[in-house]
Amino acid sequence: MKGVAYHLEPLRDLAGLSIRPQARPEPGPHQVVIEVRAASLNRRDLMLLDGTYPLPAEPGIVPLSDGVGVVVAVGEKVTRAALGDRVTATYYPHYIDGPQRLAHVRQQYGANFNGMLATYALLEEDSVVHVPEYLTDAEAASLTCAGVVSWAALTKPVPVRPDESVLTVGTGTVAIFAAQFGKLLGGRVISITSTERKAERLRKLGVDEVVVRAEHPDWEQRVLELTGGDGVDHVVDAVGGSTVAKSVRSGAYNARITMIGAMPTGENATGGDLFGDKYLSIRKIAVGSRADFEAMNVAMTEHRMRPVIDREFSFDEAVEAYRYFRDENPFGKVIVTM
């Protein structure tokens, strides 16, 4: 059966996206073919497009790590999926559980394994994950990158406790998921955002306190005020080096600060004695394992949590979806439906 697929060409900006006919792939013994129903964009997809992501995209690769579809073919030795199953894939094709190794992160859908912006996607069996039944296709296509990394940030090495506080920095999809998971785990959530419009959206998600940067440019001082001078127990910083110093100053004694994912090159934390008199740890993590993904799905199903969707585009509007995601400062996931 014939389909179509977008490809990343060795050109910068949106000119690097081209569309070609696609034959349905033939699965190997441990591979699964899905007919894609929806896919979603992440910041890393813009970085892959403009050449700033740490792992360069292979010329002609099918982009997007996040998507969902129905299984239409399975390899002869596959046991994790059957025809007709609705599934997605992990970010890394062969990261199942345990410590993350460099070998895991050197293989990624949408970078050097063909991704989801196509009629068909060929998945490694190790990466197959069944999605919660209650989610729509658009919601299920939102989980792989931003959802799993936010979940890992707040559950590893130990989960947020109900008596703890969580600070989310930024209002991209990672920070939105982190705010939702912080509430799901019972924490008190404080969020930093850029506009009152986004602040109102965060409040509707149940965020306890929202600090708008325009009103509080020294937002770390406002965080300390909101916590009685103690600071927060967990910080999820999805912005980059420009905010890490403020995140540190927002932390409580023995706080855990998690920097998320690849940051634009050339960013540095502000100078000076970064840690001051605080005792805390800072880690920078990438997307989690299949075990993390499956644990997240169990928790989401129990609480009927739904990802936040900003806007959906049709498949033939995929280039416009990239442009909108890059330029329009969306609140929530940008989806391409097939």
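Reckoned from all heavy atoms, side chains included, excluding hydrogens, waters and symmetry mates.
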If only atom types and distance count, is the side chain of [X] paired as donor or acceptor with the main-chain N or O of [Y] below 3.5 Å?
X	Y	result
Thr144	Ala89	yes
Thr155	Pro159	no
Tyr134	Met300	yes
Asn112	Arg106	yes

Does one hydrophobic cluster hold both [X] and [Y], with members joined at side-chain heavy-atom distances below 4.5 Å?
X	Y	value
Val160	Ile176	yes
Phe313	Ile335	no
Tyr109	Leu102	yes
Leu123	Leu83	yes

Supply the atom-to-atom distance [X] [atom1] to [Y] [atom2], rounded to the nearest 0.5 angstrom.
X	Y	atom1	atom2	result
Lys284	Met259	NZ	CE	7.0 Å
Ser142	Ile309	OG	CD1	3.5 Å
Ile257	Arg283	CD1	CZ	11.5 Å
Ile285	Ser150	CD1	OG	8.0 Å
Leu167	Thr258	CG	OG1	11.5 Å
Glu312	Ser40	CD	OG	10.5 Å

NZ or CZ of Arg197 within 45° of Phe331 ring axis and under 6.0 Å: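 Judged by the rule (NZ or CZ under 6.0 Å from the ring centre, within 45° of its axis), Arg197 is not positioned above Phe331.
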
Can you give me the closest heavy-atom contact between [X] and [Y], atom names plus distance?
X	Y	result
Thr193	Lys198	OG1-CB, 3.4 Å
Phe315	Val336	CA-CG1, 3.7 Å
Ala111	Leu48	CB-CD2, 4.0 Å
Leu184	Met305	CD1-SD, 3.9 Å
Met338	Ala118	CE-O, 4.0 Å
Val149	Ala286	CG2-O, 3.5 Å

With the side chain counted from C-beta on, respond yes when [X] and [Y] share a heavy-atom pair under 4.5 Å apart, and no when they do not.
X	Y	result
Thr227	Ser250	no
Gln108	Val287	no
His7	Leu117	no
Arg326	Asp13	yes
Glu220	Val248	no
Glu215	Arg222	no
Val223	Ile192	yes

Salt-bridge contact Asp137-Arg86 (side-chain N to carboxylate O under 4.0 Å):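 The answer is yes: the pair qualifies as a salt bridge.
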
Sidechain N-carboxylate O distance under 4.0 Å for Arg80, Asp85: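 Salt bridge flag = no for Asp85 with Arg80.
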
side-chain contact (heavy atoms from CB on, under 4.5 Å) partner of Tyr53, the single match among Asp50, Leu55, Leu49: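 When Asp50, Leu55, Leu49 are each tested with Tyr53, the side-chain contact (heavy atoms from CB on, under 4.5 Å) holds only for Leu55.
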
Worked check of side chain to side chain contact (heavy atoms under 4.5 Å, CB included) between Asp316 and Ser314: CA-CA 6 Å; Asp316 58 5; Ser314 65; 2.5 Å; yes

Set of ring-ring contact (aromatic ring centres under 6.0 Å, His included) partners for Tyr92, sequence neighbours left out: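 For Tyr92 there are no ring-ring contact (aromatic ring centres under 6.0 Å, His included) partners, ignoring immediate neighbours.
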
Going by atom type alone, with no hydrogens or angles, which donor-acceptor pairs under 3.5 Å involve a side-chain atom of residues 56-73 and a protein atom two or more places apart or on another chain?
{"from": "Asp66", "atom 1": "OD1", "to": "Asn42", "atom 2": "ND2", "distance (Å)": "3.2"}
{"from": "Asp66", "atom 1": "OD1", "to": "Cys145", "atom 2": "N", "distance (Å)": "3.3"}
{"from": "Asp66", "atom 1": "OD2", "to": "Asn42", "atom 2": "ND2", "distance (Å)": "3.3"}
{"from": "Asp66", "atom 1": "OD2", "to": "Cys145", "atom 2": "N", "distance (Å)": "3.2"}

Exercise answer: donor-acceptor pairs, residues 203-212 side-chain atoms, under 3.5 Å, sequence neighbours excluded:
{"from": "Arg203", "atom 1": "NH1", "to": "Glu196", "atom 2": "OE2", "distance (Å)": "2.8"}
{"from": "Arg203", "atom 1": "NH1", "to": "Glu200", "atom 2": "OE1", "distance (Å)": "3.4"}
{"from": "Asp208", "atom 1": "OD1", "to": "Lys183", "atom 2": "NZ", "distance (Å)": "3.2"}
{"from": "Asp208", "atom 1": "OD2", "to": "Lys183", "atom 2": "NZ", "distance (Å)": "2.9"}
{"from": "Asp208", "atom 1": "OD2", "to": "Val189", "atom 2": "N", "distance (Å)": "2.8"}

Residue pairs, two or more places apart or on separate chains, that pass ring pair (Phe, Tyr, Trp, His ring centres under 6.0 Å) and touch residues 138-181: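 Listed by first then second residue: Trp151-Phe181, Phe177-Phe181.
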
Gln31 side chain to Glu124 side chain, donor-acceptor N/O pair below 3.5 angstrom: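 Short answer, yes.
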
Any donor-acceptor N or O pair under 3.5 Å, side chains Arg213, Ser194: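 Distance-only check fails for Arg213 and Ser194.
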
Verdict with reasoning, Val131 to Val129, per side chain to side chain contact (heavy atoms under 4.5 Å, CB included): CA-CA 6 Å; Val131 295; Val129 175; 5.5 Å; no

All side chain to side chain contact (heavy atoms under 4.5 Å, CB included) counterparts of Arg161, not counting sequence neighbours: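 Testing Arg161 for side chain to side chain contact (heavy atoms under 4.5 Å, CB included), a comparison that skips the adjacent residues, returns Asp163, Glu164.
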
With sequence neighbours excluded, residues passing side chain to side chain contact (heavy atoms under 4.5 Å, CB included) with Ser289: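 Ser289 satisfies side chain to side chain contact (heavy atoms under 4.5 Å, CB included) with Tyr95, Asp97, Ala291, Asp292 once adjacent residues are dropped.
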
Derivation and outcome, salt bridge (Lys or Arg N to Asp or Glu O under 4.0 Å), residues Arg311 and Glu320: CA-CA 11 Å; Arg311 184 172 169 184; Glu320 179 57 29; 5.5 Å; no

Candidate pair Ile260 and Val236, rule side chain to side chain contact (heavy atoms under 4.5 Å, CB included), full reasoning: CA-CA 7 Å; Ile260 298 292; Val236 178; 3.8 Å; yes

Derivation of the side chain to side chain contact (heavy atoms under 4.5 Å, CB included) call for Arg188 and Leu226: CA-CA 11 Å; Arg188 178 193 181 197; Leu226 291 170; 4.1 Å; yes

